[in-house]
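To start, the structure itself, in structure tokens.
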Amino acid sequence: MSQLALVIDLNVCVGCHACVTSCKEWNTSGWAGSLADQHPYDADPTGTFFNRVQSFEVGQYPNTETVHFPKSCLHCEEPPCVPVCPTGASYKRPDNGVVLVDYDKCIGCKYCSWACPYGVRELDEMQKVMKKCTLCIDRITDETLPEAERKPACVLACPTSARLYGDVHDPDSEASEAIRERGGYQLMPEWGTKPANHYLPRRKTRMQIFDDELERVDNPLKKEAPLPAAKGETLDDVAY
Amino acid sequence: MHPAFSVIFLTTLIGAGQGLFMALVTGQVYSLANLLAPQDSQSFYAMGALITATLLAGGLVAAVFHLGKPSYFITRAWRGMSQWRTSWLSRELIALPMFMLLVLAYAAVHYLGWTQIWFTIKGQIPVDASLVIGMLGVLMSVILFVSTAMIYASLKFLQEWHTALTVANFFLFGLASGFMLAAAFSAWMGIELVSFFGGWAVVFTVLAAITRAFSMLRNARIKHKSTLASALGIRHTKITQRSMGFMGGSFNTREFFHGQGPVVLAMARWFFVLNVFVFPVILLAASNLLESASLPVLAFVVQYLGLLAERWYFFAEARHPQNLYYQTVG
């Protein structure tokens, strides 16, 4: 059984929010739409988003590092939001593991959002039903699209390829390979939710340089220096 | 968590209703054992059950306003009974109407006088329709208490709620306010059961004070499992959020925080401690001395107001781990 998921490379993300806007654009006009905003041009704009990019400062100045952190539904393999739903509106697709909401069954009780430790479910203020990342289910399953475009909007939009997409149950997929070889990890593993989405950690690129690599033993410049004057008997005096 | 008034009214109203129904059936069972004088079917049991039904209906109305749209109550809420295998909320949605039906049946049986004895157990305990329905109602009431409380207690990462104390608190608060209401009802009707129900109300209030004190103590020193380090998967002790990704607020910033300062929280705490545990007991004691018909009513009203604050505080004191991701606007 496959489990589709995202693998997000924190080492590459530059925090440009392109995934946020492309997600909103695709999903407000697609199967999950509309994602209406409330007073978007007023003092207190708000609206439903499936994907956000947050920024964190790690460490104390001057030893700090900025980490941009894209956050969306992790499509858990043990999703705590699904069993609590009283109507069965919240479900995990058996064929590809995507966690979805049936908007025609949802009564907007918000219990599933309480049951999600990651805070990735949002009540749509216009439709009054719970919404969340669908992994662009209307796009990845659309066989009329060319194969290369059957990917979530955020993945296609990312200018630095920080978002990988694939089946994390297939050991040979690009996503699985990245998790395996580049230290992929899950968020809040303490709750046993087994998120399908993984994150790749920041990596430091350090060059290892030894002194003799910087300074050649036979540095030609050194030959220009005057030789020290011999004092007393030398080896030459003995040989000849 | 953000305390929703719909849920505060729902849980406190049905809690008091369940407690009142259990008090009525307790009174009936005691009178079977000749420990209490039997009461009039119509004016006491049927009226009491009708008050219970009114409280439950009030809770149901409050619950309607917890739905996304009130119209979902008609068009979609019936689906809420389908997932009883996994969801405590679904179990509550089944138990509540079943309990309401049993309460109405209990009221009808008493009102219409269908209390002919069916059979007697060991020649001593006469069993009639009201006793059978009453016992089924008590059972359903217990199921409803457990379902309501488990909605909160089953969420393991809301560590303030994830304890058996949550179930004990819901149960004991319901019993305390229900028996308090039974005492108030008896006093109002001039029935000699005020001290019986009042005594049990004090016992349940004291027990509730003990379990709530334990849960408050537990929550004051709780150690949260999730940290910013585990939320981001970055092993560092000093991580600061610089931006949550938006500035205008979202569902995440509205739903999971009570939005009040520590002063309001402390005030709510003192308000409910005094009004739930202290004042009603003093008022009942005073009414016992003065034989007043109105003081038990006042005791119930004061305790109910306190319970509203208690439920508000119950929601406010739970800290959801998702808040780790929403700390800084920038």
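Letters A, B, ... are given to chains in the order of the sequence lines, protein chains preceding strands, and every chain is numbered from 1.
For B:Arg311 and B:Thr11, the side-chain atoms include at least one donor-acceptor pair closer than 3.5 Å. Between the side chains of A:Glu190 and B:Ser226, at least one donor-acceptor pair of N or O atoms lies under 3.5 Å. B:Thr148 and B:Glu92 share a side-chain donor-acceptor pair at under 3.5 Å. B:Ser215 and B:Arg218 share no donor-acceptor pair across their side chains, judged by distance under 3.5 Å alone. Looking at B:Thr166 and B:Thr163, their side chains never bring a donor and an acceptor atom within 3.5 Å of each other.
Within residues 52-67 of chain B, the residues having any heavy atom closer than 4.5 Å to a heavy atom of chain A are B:His66, B:Leu67, listed by residue number.
The distance between the ring centers of B:Phe314 and B:Trp161 falls below 6.0 angstrom. The aromatic ring centroids of B:Phe170 and B:Tyr152 lie less than 6.0 Å from each other. For A:Tyr111 and B:Trp88, the gap between ring centers reaches or exceeds 6.0 Å. In this structure, B:Phe99 has its ring center closer than 6.0 angstrom to the ring center of B:Phe21.
The most heavy-atom pairs under 4.5 Å with chain B, out of A:Thr66, A:Leu10, A:Asp44, come from A:Asp44. Heavy-atom pairs under 4.5 Å with chain B peak, among A:Phe69, A:Trp191, A:Tyr118, at A:Trp191. Of all the listed residues (B:Ala318, B:Gly233, B:Ala229), the one sharing the greatest number of non-hydrogen pairs under 4.5 Å with chain A is B:Gly233. Interface check for chain A: of the options B:Phe251, B:Phe246, B:Phe157, the most heavy-atom pairs under 4.5 Å are formed by B:Phe157. Counting heavy-atom pairs closer than 4.5 Å to chain B, the top residue among A:Ala89, A:Ser55, A:Cys109 is A:Ser55. The residue among A:Ala43, A:Pro201, A:Ser113 with the most heavy atom pairs within less than 4.5 Å of chain B is A:Ser113. Interface summary for chain B: among A:Pro83, A:Pro189, A:Pro86, the most heavy-atom pairs under 4.5 angstrom belong to A:Pro86. Most heavy-atom pairs under 4.5 Å with chain B, from the set A:Val129, A:Val120, A:Thr46, A:Ile107: that is A:Ile107.
Looking at A:Asp104, both its backbone and its side chain come within 4.5 Å of chain B, counting heavy atoms on both sides. With a threshold of 4.5 angstrom between heavy atoms, A:Arg202 does not approach chain B through any atom at all. At a 4.5 Å heavy-atom cutoff, the contact between A:Val58 and chain B is made by backbone and side-chain atoms alike. In this structure, chain B has no heavy atom under 4.5 Å from any part of A:His39. At a 4.5 Å heavy-atom cutoff, the contact between A:Gln127 and chain B is made by backbone atoms alone. Only the backbone of A:Cys85 has a heavy atom closer than 4.5 Å to any heavy atom of chain B. Heavy-atom distances place both the backbone and the side chain of A:Pro117 under 4.5 Å from chain B. Using a 4.5 Å cut-off between heavy atoms, B:Ile151 touches chain A through backbone and side chain atoms alike. For A:Thr64, no part lies near chain B; criterion is any non-hydrogen pair under 4.5 Å. Interface remark: B:Phe256 contributes side-chain atoms only to the contact with chain A (heavy atom separation under 4.5 Å). Of the two parts of A:Val67, only the side chain, counted from C-beta on, holds a non-hydrogen atom closer than 4.5 Å to a non-hydrogen atom of chain B. For B:Ser154, the part sitting under 4.5 Å from any heavy atom of chain A is the side chain, from C-beta outward, and nothing else. Interface remark: B:Arg254 contributes side-chain atoms only to the contact with chain A (heavy atom separation under 4.5 Å). In this structure, chain A has no heavy atom under 4.5 Å from any part of B:Met247. The contact between B:Leu155 and chain A is made entirely by side chain atoms (from C-beta outward), counting heavy-atom distances below 4.5 Å.
Within the 4.5 Å cutoff, the side chain of A:His75 has heavy atoms near those of the A:Cys133 side chain.
Judged by distance alone, with hydrogens and angles left aside, the side-chain atoms of B:Thr253 form a donor-acceptor pair with the main-chain N or O of B:Ser250 at under 3.5 Å.
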| said: Please determine whether side chain to side chain contact (heavy atoms under 4.5 Å, CB included) holds for the pair B:Ser243 and B:Val329, giving the CA-CA distance in whole Å, both sets of side-chain angles, and the decisive distance to 0.1 Å. | reply: CA-CA 5 Å; B:Ser243 161; B:Val329 177; over 6 Å; no
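Ion pairing between a basic and an acidic side chain is recognised when a charged N comes within 4.0 Å of a carboxylate O; A:Glu122 and A:Lys24 show no such pairing.
Applying the 6.0 Å contact sphere to OH of A:Tyr185 captures more than 12 heavy atoms from other residues, nucleotides or ligands. More than 12 heavy atoms of other residues, nucleotides or ligands sit less than 6.0 Å from atom NZ of A:Lys132.
With A:Gln3 as the fixed residue, the side-chain hydrogen bond (donor to acceptor under 3.5 Å, both in side chains) test singles out one of A:Arg93, A:Lys92, A:Lys194, A:Glu77: A:Lys92.
By the 6.0 Å and 45° rule, A:Lys131 does not stack over the aromatic ring of A:Phe50.
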